[in-house]
Amino acid sequence: MQGTTTDEYQTNSPQEVEAAAEHEEHEDYRMFGVVLFLIAESFIFLGMFVAFVIYRSVVPVWPPEGTPELELLLPGINTIILVSSSFVMHRGQSAIKNNDTSGLRVWFAITAVMGAIFLAGQLYEYSNLEFGLTTNLFTSSFFVLTGFHGLHVTVGLLLIFFVLIRSQQPGHYSSESYFGVEASELYWHFVDVVWVILFGLVYLL
Amino acid sequence: MAAVNFVTTILWLRAPGMSLFRMPVFVWTVLSAQLLQLVFLPSLTGAAIMLFCDLTLGTNFFNEQGDPVLYQHLFWFYSHPTVYVWALPAFGVFSEVIPAFSRNPLFGYRSVALASFGIAVLSSFVWVHHLFASGTPEWMRMLFMFSTELIAVPTGIKVFAWTATVWKSKLHLETPMLFALGGVVMFLFGGITGVMLGAVPFDLHVNNTHFVVGHFHYLVFNTITMAIFAGIYFWFPKMTGRMYAEGWGKIHFWLTFLGANLTFFPMFPLGLQGMVRRVSSYAPEYAGWNVIASLGGFLLGVSTLPFIANMVVSWLQGSKASDNPWHATGLEWCTSSPPPQDNFEETPQVDTPPLQLRHTQDVLAHNRAIVSFLKAVKTDRKNAIFRG
């Protein structure tokens with residue numbers, strides 16, 4: 001939804017022009033909507049995390065016997081990349097607040113590259129694991145949690161691409177109107193925070 | 001998405017002067033319901049993703065390696081609050097229709113508004129009452145029995161408020177009011193059986209019988225659907241600018257009221273006698289009540305015909321409706337029927353408490369009636385004491 005909301009009224013037919021003129025202007029509450037959406041989204045993850053924690057505490061041996069140890073180096077590096085990408089992305093928002101569109105584009109592009117590296121790293125990790133989705137309860141949880149998070153990273157990447165494409169139109173984003181930038185950034189931070197919790201639960205605990 | 005939209009709009013885009021405690025109760029109930037939807041639906045999404053992976057990809061979340069009861073928990077963690085996502089707006093409709101047709105402000109507006117919110121909050125902590133028979137530990141059953149029975153408090157406040165609104169008022173029994181009153185009466189049955197079912201021993205006794213089915217239908221059909229009908233008839237003139245046919249509306253009401261009770265009441269005695277639910281046939285000794293229920297079912301089916309016909313014909317050629325045919329007090333009745341684009345020619349200014357925009361005379365008369373009644377009671381008592 002964030003990627004496609006109309007940033008301004010597209011007025012075509014006379015009726016629509018009239019409607020837009022009659023429509024009383026009010027403040028922009030779209031960011032509030034994004035926050036509500038993310039709260040809702042966080043409850044999906046919360047449900048899965050709770051399920052994971054319950055499994056952990058109920059199953060006598062955890063992870064179940066015969067589960068190979070998880071390698072920590074690659075996901076560790078991945079975590080650092082993802083967390084730092086949030087800071088990089090924030091530079092993009094600071095840039096557009098100063099009307100610096102090219103700055104926005106550079107910082108967002110770097111964020112996109114870092115996100116892509118994260119995803120590639122995760123796929124590489126998947127391909128080198130000695131267990132599969134169906135091996136046991138732990139491996140099922142592992143793949144579904146990280147996979148569902150990876151899906152969110154992918155969506156975040158798409159949002160960044162939308163912003164990059166739209167920023168090509170001169171004046172689409174400015175220091176006054178940068179909802180798309182702000183929304184995609186908040187989404188990215190959200191995905192980031194979820195990863196930190198997920199990493200702690202699945203890899204470290 | 002709709003929940004995001006509703007909550008944002010209600011919290012940020014109210015008319016000038018429309019403070020939270022001037023909002024119509026209907027808006028309060030929608031806000032409460034949509035907050036529930038926003039928070040609880042995603043947990044079902046999570047559970048559904050895990051179930052999907054179990055069924056198609058062979059993961060182990062809810063099989064013998066994992067925990068099947070956990071799915072029940074995740075499912076009901078959403079699905080109990082969702083019952084209130086339906087029910088709360090229904091209560092909101094009652095709270096709009098009943099004051100309008102008794103020409104009284106809603107009794108205890110603030111309590112009713114907060115009760116909606118209270119129901120939303122409480123309903124988050126009751127889901128285990130669907131799992132009393134799933135081998136749940138004793139302490140959990142006790143805890144959730146307690147929280148479940150607590151729901152009776154805010155709902156009781158509402159029923160009390162509706163009753164007090166109607167009490168000693170000038171009743172106008174047009175179709176919306178009939179549906180609202182019928183709905184509230186049947187809600188009492190649904191609610192009381194709910195209190196019965198909330199008690200663990202009783203629940204274990206009637207678990208998986210028609211008693212549960214009866215309770216569910218008394219709420220979902222006999223309360224919520226009645227409220228939907230009440231709402232449709234109530235706002236039909238506002239939405240279409242035309243009046244529906246009153247006579248046919250009344251016929252619809254009586255057929256529905258009769259049909260609904262005939263269909264769903266027999267489920268209570270059947271459940272108590274031990275007829276289980278989700279069966280294709282039943283033992284011959286249950287036949288009597290079942291025949292009544294079947295006849296009621298057909299009556300219920302027939303009852304929607306006058307409704308559909310009425311709606312279609314009235315929309316096309318009903319008589320023109322005035323701006324406020326019910327002398328109701330909500331903001332929507334100040335604009336034309338049907339409303340213009342963007343609802344109001346000018347953004348309205350709200351500077352009165354809810355439901356008191358008009359007919360202050362009636363309100364004062366009602367208050368005087370209450371006061372004189374209380375005085376009469378007092379003198380009666382005094383006399384009684386003197387005589388004693």
Side-chain angles (χ1 to χ4, degrees), chain A residues 1-2 5 15-16 18-59 61-64 131-145 147-149 151, chain B residues 1-16 31 34-54 56-71 73-75 77-78 81 124 340-348:
Chain A
M1 183 200 156
Q2 297 90 339
T5 37
Q15 288 91 342
E16 277 179 288
E18 201 182 316
E22 272 180 10
H23 192 94
E24 296 226 13
E25 286 306 314
H26 56 69
E27 282 181 60
D28 190 345
Y29 294 113
R30 282 176 294 177
M31 274 317 286
F32 183 77
V34 174
V35 172
L36 288 183
F37 168 73
L38 290 180
I39 291 174
E41 196 75 357
S42 67
F43 272 84
I44 304 183
F45 281 105
L46 197 71
M48 290 181 165
F49 287 158
V50 167
F52 184 80
V53 171
I54 288 175
Y55 289 143
R56 236 191 100 83
S57 50
V58 171
V59 176
V61 188
W62 187 266
F131 52 75
L133 186 64
T134 54
T135 311
N136 61 35
L137 192 54
F138 173 77
T139 64
S140 298
S141 317
F142 170 83
F143 277 109
V144 170
L145 280 172
F148 192 56
H149 176 267
L151 208 64
Chain B
M1 273 310 139
V4 168
N5 192 337
F6 278 126
V7 174
T8 313
T9 309
I10 294 172
L11 289 183
W12 295 105
L13 292 174
R14 295 191 304 273
L31 176 67
Q34 294 305 319
L35 281 173
L36 285 180
Q37 188 79 334
L38 196 65
V39 172
F40 291 101
L41 179 63
S43 78
L44 180 71
T45 315
I49 292 169
M50 290 161 79
L51 186 66
F52 171 80
C53 291
D54 267 12
T56 55
L57 304 174
T59 53
N60 308 300
F61 294 119
F62 304 128
N63 62 14
E64 64 284 353
Q65 263 198 60
D67 187 357
V69 177
L70 183 67
Y71 177 74
H73 277 287
L74 286 172
F75 178 82
F77 184 65
Y78 160 72
S124 332
Q341 192 164 21
D342 283 346
N343 297 333
F344 292 92
E345 300 290 348
E346 273 170 45
T347 306

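Remember, predicted model here, so these are calculated numbers, not experimental data. All chains are named by letter (A, B, ...) in the order of the sequence lines, taking the proteins before the strands, and each is independently numbered beginning at 1.
- Note that OG1 of B/T8 and CE of A/M31 are 11.5 Å apart. Values are rounded to the nearest 0.5 Å.
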| task | Determine, stepwise, if the pair A/F32 / B/W12 fulfils side chain to side chain contact (heavy atoms under 4.5 Å, CB included). | result | CA-CA 9 Å; A/F32 183 77; B/W12 295 105; 3.2 Å; yes
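- Atoms CE and CG, on B/M50 and A/L145 in that order, are 7.5 Å from each other to the nearest 0.5 Å.
- Comparing B/N5, B/T9, B/I49, B/N63 by how many heavy-atom pairs each has under 4.5 Å with chain A, the most go to B/I49.
- Rounding to the nearest 0.5 angstrom, the gap separating the CZ atom in A/F148 from the SG atom in B/C53 is 9.5 Å.
- Heavy atoms closer than 4.5 Å to chain A are found in the side chain of B/L74, but not in its backbone.
- Interatomic distance, CG of B/D54 versus OG of A/S140, reported as 7.0 Å (0.5 Å rounding).
- Between chain A and the residues B/D67, B/V39, B/T45, the most heavy-atom pairs under 4.5 angstrom are made by B/V39.
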| message | Under the criterion side chain to side chain contact (heavy atoms under 4.5 Å, CB included), I'd like the reasoning laid out for A/F37 against B/L38: C-alpha separation, chi angles, the key distance, then a yes or no. | response | CA-CA 8 Å; A/F37 168 73; B/L38 196 65; over 6 Å; no
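- The environment of CZ in B/F52 is sparse: at most 12 heavy-atom neighbours from other residues, nucleotides or ligands sit within 6.0 Å.
- Contact residues of residues 49-57 of chain A toward chain B are A/A51, A/I54, A/Y55 (heavy-atom distance under 4.5 Å).
- For the pair A/L137 and B/F61, the tightest heavy-atom approach, listed with the atom from each and the gap, is CD1-CA, 3.9 Å.
- Rounding to the nearest 0.5 angstrom, the gap separating the CD1 atom in A/I39 from the CG atom in B/L35 is 9.5 Å.
- Neither the backbone nor the side chain of A/S42 comes within contact range of chain B; no heavy atoms are under 4.5 Å apart.
- Using a 4.5 Å cut-off between heavy atoms, B/L44 makes no contact with chain A at all.
- Only the side chain of B/L70 comes within contact range of chain A, judged by heavy atoms closer than 4.5 Å.
- Across A/L133 and B/L57, no two heavy atoms sit closer than the pair CD2-CB, 3.4 Å.
- With rounding to the nearest 0.5 angstrom, the CZ atom of B/F77 is 7.5 Å from the CG atom of A/L46.
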